[in-house]
Participant: 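If you scroll down you'll find the structure; I have some questions about it.
The first residue in the sequence is number 1, and the count goes up from there.
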Amino acid sequence: MFKWIIRSKSFMAGFLFLSVLMLLSIGNTIFNDGEIRRDAFLSDGEGTIIDAPPYPPFTVFPLGSDLEGYDLLHMMIEGAKITIGIALMIAVLRIALGLLIGSLLGMYARRWIAPFEKVFSSFTLIPLTLVAAYLLVHVLTMQPDGFANPFWKRALFEVFVLTIYAVPTLAIFQANEIKRLHEEDFMEAASVLGGGAWHKMKVHIFPHLKENLMQLSIQQFIQVLIVLSHLGVLNIFFGGTFVDYGTGGSPKSMYYEWSGLVGTYFRSLNFHPWIALVPIAFFTLTILAAQLMLNGLKKASEQANEEKKTRHSASSLHPDNHTAEELFALHQRKEA
């Protein structure tokens, strides 16, 4: 399947976009110490101020600046590793926990799959944004006397909430897949030959789940990005929302994570629309890149399955030729 993946233009386009964005972001942190370009004002040769931020796109900076003169494109690049890294980590945790619990249900407690499905099937109908906002708003929003918990506790709690919500549905999906595979002939043959549960999981079940796991990972990555953007609009930023109670200014993100920038600049849509549209555009492009990768994976999976079917049909049409070749090779080995 790998050869079909690397031949997929859609997959490679999405993968290259995300990879270049991550490399630029990591490079800015390593070589530029995470600093963001800024022009507080523009002046002529005599020192007279001729312009002040915010700067529109294609003037001072390619995508313009915010109200304080910071380069928006530079901010997006710096925040890419945080946003994409968080979404990727949560997606992997969801898949890992869902696979673990689903494997236990599918291998050892198949009769409990149906009751679990009845209980947790409603989870897909409840918007995750509402649940997450209710659980996170008091933990992540700064109070007048500061944050009650350090950053690592706030971040860990948000990762936990965004991860655990999707685990039941993913576990049920994996359990049903494993239960279906148990009904196949090759699983019955493995049981007759004395294969243990771990052997059957490793040799027979996991290879069949591998393609689904890759596609599920990208789907979860997209879902996490969407939820993060929604939380940003609600002023619930990853790691904490800074509130200046002295001046009464807009809530601010403590980092350059994109959802925080969306929430910070959302009110600029009426006055300086490009400031809010830049982080929204990067969210959109990243989701589209992930969707291209997903489409490429699905197409590669179909092509790989077609290739397997073609090989199987070709071998079944000429069984005698294969047998003759094998007998000839065996005869040569005996003579040697």
Side-chain angles (χ1 to χ4, degrees), residues 79 82-98 101-102 115-144 147-149 151-174 216-243 250-255 257-270 276-277 279-288 290-291 294:
I82 303 173
T83 308
I84 296 174
I86 292 166
L88 186 61
M89 178 179 64
I90 293 173
V92 170
L93 286 173
R94 286 179 171 188
I95 296 298
L97 291 174
I101 298 172
F116 268 79
E117 193 168 5
K118 291 179 181 178
V119 172
F120 292 107
S121 59
S122 60
F123 272 48
T124 57
L125 305 176
I126 304 173
L128 174 56
T129 302
L130 296 179
V131 177
Y134 177 78
L135 295 173
L136 295 173
V137 62
H138 296 296
V139 177
L140 298 182
T141 304
M142 191 180 81
Q143 303 302 316
F147 289 106
N149 299 295
F151 168 78
W152 70 270
K153 286 186 178 181
R154 301 194 302 269
L156 187 63
F157 182 70
E158 183 170 0
V159 169
F160 172 78
V161 170
L162 296 182
T163 299
I164 205 67
Y165 181 85
V167 168
T169 52
L170 288 172
I172 292 169
F173 175 80
Q174 299 294 350
L216 280 174
S217 298
I218 298 178
Q219 290 174 350
Q220 294 304 310
F221 175 75
I222 293 172
Q223 187 189 74
V224 174
L225 285 175
I226 293 172
V227 172
L228 287 174
S229 64
H230 291 170
L231 292 175
V233 175
L234 297 174
N235 291 328
I236 302 173
F237 308 150
F238 184 82
T241 303
F242 177 81
V243 182
S250 300
K252 293 183 179 181
S253 173
M254 301 174 66
Y255 313 96
E257 189 264 325
W258 292 350
S259 67
L261 297 177
V262 169
T264 300
Y265 299 140
F266 194 73
R267 292 172 182 79
S268 301
L269 278 173
N270 295 327
L277 289 176
I280 293 173
F282 269 81
F283 257 121
T284 304
L285 289 173
T286 303
I287 291 172
L288 288 176
Q291 187 62 46
L294 181 60

Participant: Whether the side chain of Thr169 engages the backbone of Ala166 through a donor-acceptor N/O pair (distance < 3.5 Å, no angle test) should be reported.
Facilitator: yes
Participant: For residues Leu225 and Ala87, report the shortest heavy-atom separation together with the two atoms involved.
Facilitator: CD2-CB, 3.7 Å
Participant: Quick check: closest heavy atoms across Ala290 and Ile218, and the distance to 0.1 Å?
Facilitator: O-CG2, 3.2 Å
Participant: Closest heavy-atom contact between Thr241 and Pro251?
Facilitator: CG2-CB, 3.5 Å
Participant: Per the side-chain contact (heavy atoms from CB on, under 4.5 Å) rule, which among Val161, Ile236, Leu162 passes with Leu135?
Facilitator: Val161
Participant: Using the side chain to side chain contact (heavy atoms under 4.5 Å, CB included) rule, take Leu170 and Gln220 through it: C-alpha gap first, then chi angles, then the decisive distance, then the call.
Facilitator: CA-CA 10 Å; Leu170 288 172; Gln220 294 304 310; 3.8 Å; yes
Participant: Taking the side chain as C-beta and beyond, is there a heavy-atom pair between Phe237 and Thr264 under 4.5 Å?
Facilitator: yes
Participant: Which value, rounded to the nearest 0.5 Å, describes the distance between Phe283 atom CZ and His230 atom NE2?
Facilitator: 9.5 Å
Participant: So which heavy atom on Pro279 is nearest to which on Val262, and how close?
Facilitator: CB-CG2, 3.7 Å
Participant: Considering non-hydrogen atoms only, spot the tightest contact between Ile95 and Ser217 and give its length.
Facilitator: CG1-OG, 3.6 Å
Participant: Using modelled atom types and a 3.5 Å cut-off, is there a donor and acceptor pairing between side-chain atoms of Thr83 and backbone atoms of Trp258?
Facilitator: yes
Participant: Is it the case that over 12 heavy atoms from other parts of the model lie below 6.0 angstrom from the CZ atom of Phe151?
Facilitator: yes
Participant: For Ser229 and Ile226, indicate whether the former's side chain and the latter's backbone hold a donor-acceptor pair under 3.5 Å.
Facilitator: yes
Participant: Should Thr141 and Asn235 count as side-chain neighbours, where that means a heavy-atom distance under 4.5 Å?
Facilitator: no
Participant: When rounded to the nearest 0.5 angstrom, what is the spacing between CG in Leu269 and CG in Leu277?
Facilitator: 5.5 Å
Participant: Give, for atom CG of Leu288 and atom CD1 of Ile222, the distance between the pair rounded to the nearest 0.5 Å.
Facilitator: 9.0 Å
Participant: So, taking the atom named CZ in Phe238 and the one named CG in Leu228, what distance separates them when rounded to the nearest 0.5 Å?
Facilitator: 8.0 Å
Participant: Out of curiosity, Glu158 CD to Ile86 CD1, how far, rounded to the nearest 0.5 Å?
Facilitator: 7.0 Å
Participant: Take a 6.0 Å sphere around OH of Tyr165 and say whether it holds more than 12 heavy atoms from other residues, nucleotides or ligands.
Facilitator: yes
Participant: Please check: side-chain N/O of Gln174 versus main-chain N/O of Ile172, any donor-acceptor pairing under 3.5 Å?
Facilitator: no
Participant: For the NZ atom of Lys252 and the CG atom of Leu261, what is their distance to the nearest 0.5 Å?
Facilitator: 12.0 Å
Participant: Between the side chain of Arg94 and the main-chain N/O of Phe221, is any donor-acceptor distance below 3.5 Å?
Facilitator: no
Participant: Mind checking whether Phe242 and Tyr255 have ring centres under 6.0 Å apart?
Facilitator: no
Participant: Is the shortest heavy-atom distance from the side chain of Met89 to the side chain of Ile84 under 4.5 Å?
Facilitator: no
Participant: Would a distance-only check, ignoring hydrogens and angles, find a side-chain to backbone donor-acceptor pair under 3.5 Å from Thr163 to Leu93?
Facilitator: no
